[in-house]
Structures are given as structure tokens and as C-alpha cells.
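What you see is a predicted model, and the numbers here were worked out from it, not measured in a lab. FYI, side chains are in, hydrogens and waters are out, and symmetry mates aren't considered; it's all heavy atoms of this structure.
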Amino acid sequence: FLLYSKIITFVTKRAMYFKREIEGFMNKNLFGKRAFLIIGARQTGKTTISKKIMKSKSKSIYFNADFLQDREIWKPDSVEYLQSIVKNHKIVVIDEAQNIKDIGLVIKILTDNFPDIQIIATGSSSFDLLNKTGESLAGRKWEINLFPLSYREIVNATNAFEAKKNLNFLLSYGMYPEVYLNKKNAENILLELANSYLLKDILMWANIKKSDKLIRLLKLLAYQIGEMVSYNELANELDIDALTVEKYIDLLEKSFIIFRLNSFSRNLRTELKKSKKIYFWDIGIRNAIIRDFSFINNRHDKGHIWENFIVAELIKNSKNSFNNEEFYFWRTKDKAELDLVKIKNRQIKAFEIKFKKKNVRLPDSFASYKPNSFELIHFENFEKFIL
């Protein structure tokens, strides 16, 4: 009986499907005469979502451009030629579409001439796919970012109690779907993902031959989450120029490993106007880069990990819901600061982020902006903000 129970539990976990928030947007805009471009790191679920939408409609067809035969079939020779490929299908999925030469022109011809067909193209790099589809698909595409799971998506797939119970795991191993479903092998999966997929993809896309500089840069950024980053200091540490550092950081951002948070500034002369903080979309990938998967209560960097988690979740939720909010941090030269500033429709919301509950107050110099709210996000109340 125990063996049977274990088998049932394993099968249930493997069969679990996380409904992603972007599915609602896609289903609402199906057959709207625009192609869907789903862009995100490998293993975030782009193929799974595409195939799920395929199954919801009859007459769908799938191509994987990682394979030569599926890649070379797509040529913008003529409307008649492309019609012979799509035939009478209603949904056409092209996975890893950045591998196809002239993919932007191919999708343009399809959307212009077959408005009743829904094209779904996925890519593992905004650097690659959007470069190839940019101008040719103006007004003909929806750009959709797919991130690792959000805390809200995990709660929706399980429940709030289950998610909170696994919070220690999430803060150590992150929220890639395969990692969450294979907790016993989480460390090996993350190390393989970081080394074999993410870094190799970046090196291939950017034609970077000396990978040691990029890897060292990633490690430096991993140790500096939540802190202001200086390109000049990083350049000196790596013995390269600041422009190369900026280029590498841009590549890492477009590959959905990191994201930059700019400083908020309106009029105060004492504000830092060009500073940036860098965070990781997935804390598990960050911990894999520094090879430290310790649980948060045993870490000296738990404050930075907690800040990264909260900032990433708030931004993921905003992008998944297409809320068009702006996010910043704020700091002055005399070190008055706020961890996060959120702006939409001229409403300003300010946040401090601490692992433990503390007494905090709005800096006097920021009060001149008359923010609509100021709140502390901590371990005891964080669900109020990210669910």
C-alpha cells in the first residue's frame, strides 16, 4: 500500500500543470490578426503553453525549429508556398523560431495573407527573436514574456498553505517548473540549466569566445543583488572596458537571467539619477551560479535574497497581467533610500523590503513627491502584496 501511495503521489506531481497567467491574455486575443511571440528562458514552459492552446482548438500543427527539417521548411518564397505548409490549420506553432532565417518576413506573410490562422512563435532570447522580427512585424504581433513560475501561480495551482510551506525551498532553489516538480533533484537540475542551457545559449547568440569573463561577471552580479552596480568597478575587476560590461549585462537581461532596476528621480539635486540595481528573475539560478543552496535562515545574504524575491515577484505579476506599471528604486547622495517605487497613472507607491518586521518611516526628502502609499513588505505580510 505504501509503495502504491508513493507511485500515485509521484505521478500526481509529475502530472501537475501550472496554469500560467499569460494564458488568459492569449485566449482572449486568439485569432486577433496578430502573431503571439512568446519569449523567455529555456525550460520556463513556452512549449507547454503553446501545445495547451493548440489542444483547445482543432486543426493545429507544431514545428520545432531546433530540428533541421522543421527549420528549413520555412522560406518566404511565396504566399502559395507558405499556404502549402499551413494548409487548413487554425493554429500554427513554431517553437524556437529564432533559429529560422527570415522568420520575421515569414510571419509577416502569414499574418497578412491568412488572418484566420493564429501564429504562435516562441524564442529563448529577446535579443535574437525580436531582432529578427522587429520592424517587419510592427502592428502584427503581441510580445509576451514568460518567466519562471510566480508565487501567485504556485498558489493558484496548489493553495496558499502549500506555497508558504515550500517558501524555504523556493528561496533556495527558485521557481522553474521542472525544479518545483522534482525537488529531490533540484540542485542538479539547476546546475545543468545554468551551465548547459542558459550560458551556452548566450555564448552562441552573441558569438562570445571567452566565456570566463561572462561567467565571472555573472558571479559578481550574483553577489551584488540589491546593491547599486557600477559598470566601471565591474570592468576594473574583470580587466575589460565598461562598454563590454554593459554589452554583457544587456545580453544577460535579454536572455531573461537578470533585470535592471533604474533609479527614480524627478527634481531633487541630491538624487542619484543614473544608478542601477540588478536582480535575478530566478533566485535558484542565482544560487546555482554561486553554488550555495542553503536555506534562508542560515544565510548571511538573506536580506538581499528576500529583496530579490519580492522585487521579482511584483514585476512578474505586473508583466503577467499587462499592467504597464513602472518600477524603480530611490536613493539620494546622503543615502536616504527606498527599495522600490511603483508608478502607474501618476500614482506613486513606495515600499521598503525587510525580511523581519521593523519600524520604518518614509524619508523626508521623498515625502515631497506625495506618494499615495508607503508600506513595509516583510515575511509576515508579503502575501498581501504578491498574491
May I ask you to decide whether [X] forms a salt bridge with [Y], counting only side-chain N to carboxylate O separations under 4.0 Å?
X	Y	value
Lys141	Glu143	yes
Arg71	Asp66	no
Glu380	Lys357	no
Arg216	Asp212	no
Glu375	Lys384	yes
Glu227	Lys277	no
Lys354	Glu352	yes
Asp282	Arg286	no
Arg140	Asp112	yes
Lys52	Glu23	yes
Lys342	Glu326	no

If you look at every heavy atom in [X] and [Y], which pair is closest and at what distance?
X	Y	value
Ile225	His304	O-CG, 3.3 Å
Ala222	Ile289	CB-CG2, 4.3 Å
Arg299	Asp301	NE-OD1, 2.8 Å
Ser172	Ile296	OG-N, 4.4 Å
Phe366	Ile348	CZ-CG2, 4.0 Å
Lys46	Ile38	CD-O, 3.7 Å

Please tell me if the side chains of [X] and [Y] come closer than 4.5 Å, counting only heavy atoms from C-beta onward.
X	Y	result
Gln118	Val92	no
Leu221	Leu252	yes
Ile107	Trp74	no
Asp339	Phe351	no
Lys75	Asp102	no
Ile61	Ile85	no
Met26	Ile120	yes
Asn320	Phe147	yes

Taking the six-membered ring for Trp and the single ring otherwise, decide whether the centroids of [X] and [Y] are under 6.0 Å apart.
X	Y	result
Tyr173	Tyr180	no
Phe264	Trp330	no
Phe280	Phe259	no

Heavy-atom count check: over 12 atoms from other residues, nucleotides or ligands less than 6.0 Å from [X] [atom1]?
X	atom1	result
Asn88	CG	no
Lys164	NZ	yes
Phe31	CZ	yes
Phe67	CZ	no
Lys349	NZ	no

For this session: Given side-chain contact (heavy atoms from CB on, under 4.5 Å), test Ile305 with Asn287 step by step and report yes or no.
Result: CA-CA 9 Å; Ile305 287 177; Asn287 288 339; 4.3 Å; yes

For this session: Just do the side-chain hydrogen bond (donor to acceptor under 3.5 Å, both in side chains) check on Arg152 and Ser321 with the steps written out, would you?
Result: CA-CA 12 Å; Arg152 186 159 70 188; Ser321 303; 3.3 Å; yes

Between [atom1] on residue [X] and [atom2] on residue [Y], distance to nearest 0.5 Å:
X	Y	atom1	atom2	result
Leu340	Leu261	CG	CG	6.0 Å
Asn113	Glu80	CG	CD	8.5 Å
Gln83	Tyr81	CD	OH	13.5 Å
Lys319	Ile144	NZ	CD1	13.0 Å
Leu338	Ile353	CG	CD1	10.0 Å
Leu243	Tyr231	CG	OH	11.0 Å

For this session: Determine, step by step, whether Glu325 and Ile343 satisfy the side-chain contact (heavy atoms from CB on, under 4.5 Å) criterion, reporting the C-alpha distance in whole Å, the side-chain angles of both residues, the deciding distance to 0.1 Å, and the verdict.
Result: CA-CA 6 Å; Glu325 295 165 320; Ile343 301 174; over 6 Å; no

For this session: Would you sort out whether Thr332 and Asp334 count as a side-chain hydrogen bond (donor to acceptor under 3.5 Å, both in side chains), showing the intermediate values?
Result: CA-CA 5 Å; Thr332 63; Asp334 58 2; 2.2 Å; yes

Indicate yes or no for a side-chain donor-acceptor contact from [X] to the backbone of [Y] under 3.5 Å, with no hydrogens or angles considered.
X	Y	value
Thr122	Glu96	yes
Lys316	Leu149	yes
Asn381	His378	yes

Exercise. Taking the six-membered ring of Phe169, is the NZ or CZ of Lys183 close enough (under 6.0 Å from the centre) and on axis enough (within 45°)?
Worked result: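 Output yes; distance and angle both within limits.
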
Exercise. Could Lys356 and Phe379 be counted as a cation-pi pair, given that NZ or CZ must be under 6.0 Å from the ring centre and within 45° of the axis?
Worked result: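 So Lys356 doesn't make the cation-pi contact.
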
So, [X] versus [Y]: side-chain donor-acceptor pair below 3.5 Å or not?
X	Y	value
Ser318	Asn323	no
Asp292	Ser294	yes
Ser255	Arg42	no

Problem set entry | Trace of the side-chain hydrogen bond (donor to acceptor under 3.5 Å, both in side chains) decision for Asn262 with Lys276 | CA-CA 5 Å; Asn262 294 323; Lys276 299 181 188 299; 2.7 Å; yes

Exercise. Are Ile53 and Phe322 grouped together when hydrophobic residues (ILVMFWY) are joined by side-chain heavy atoms under 4.5 angstrom apart?
Worked result: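 Yes, it is one cluster - the side chains of Ile53 and Phe322 are joined through contacts under 4.5 Å.
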
Problem set entry | Lys90 and Asp116: CA distance, side-chain angles, deciding distance, side-chain contact (heavy atoms from CB on, under 4.5 Å) verdict | CA-CA 7 Å; Lys90 297 296 290 180; Asp116 295 331; 3.7 Å; yes

For this session: Take Ser50 and Phe36 through the test side-chain contact (heavy atoms from CB on, under 4.5 Å) and record every step on the way to the result.
Result: CA-CA 10 Å; Ser50 300; Phe36 290 129; over 6 Å; no

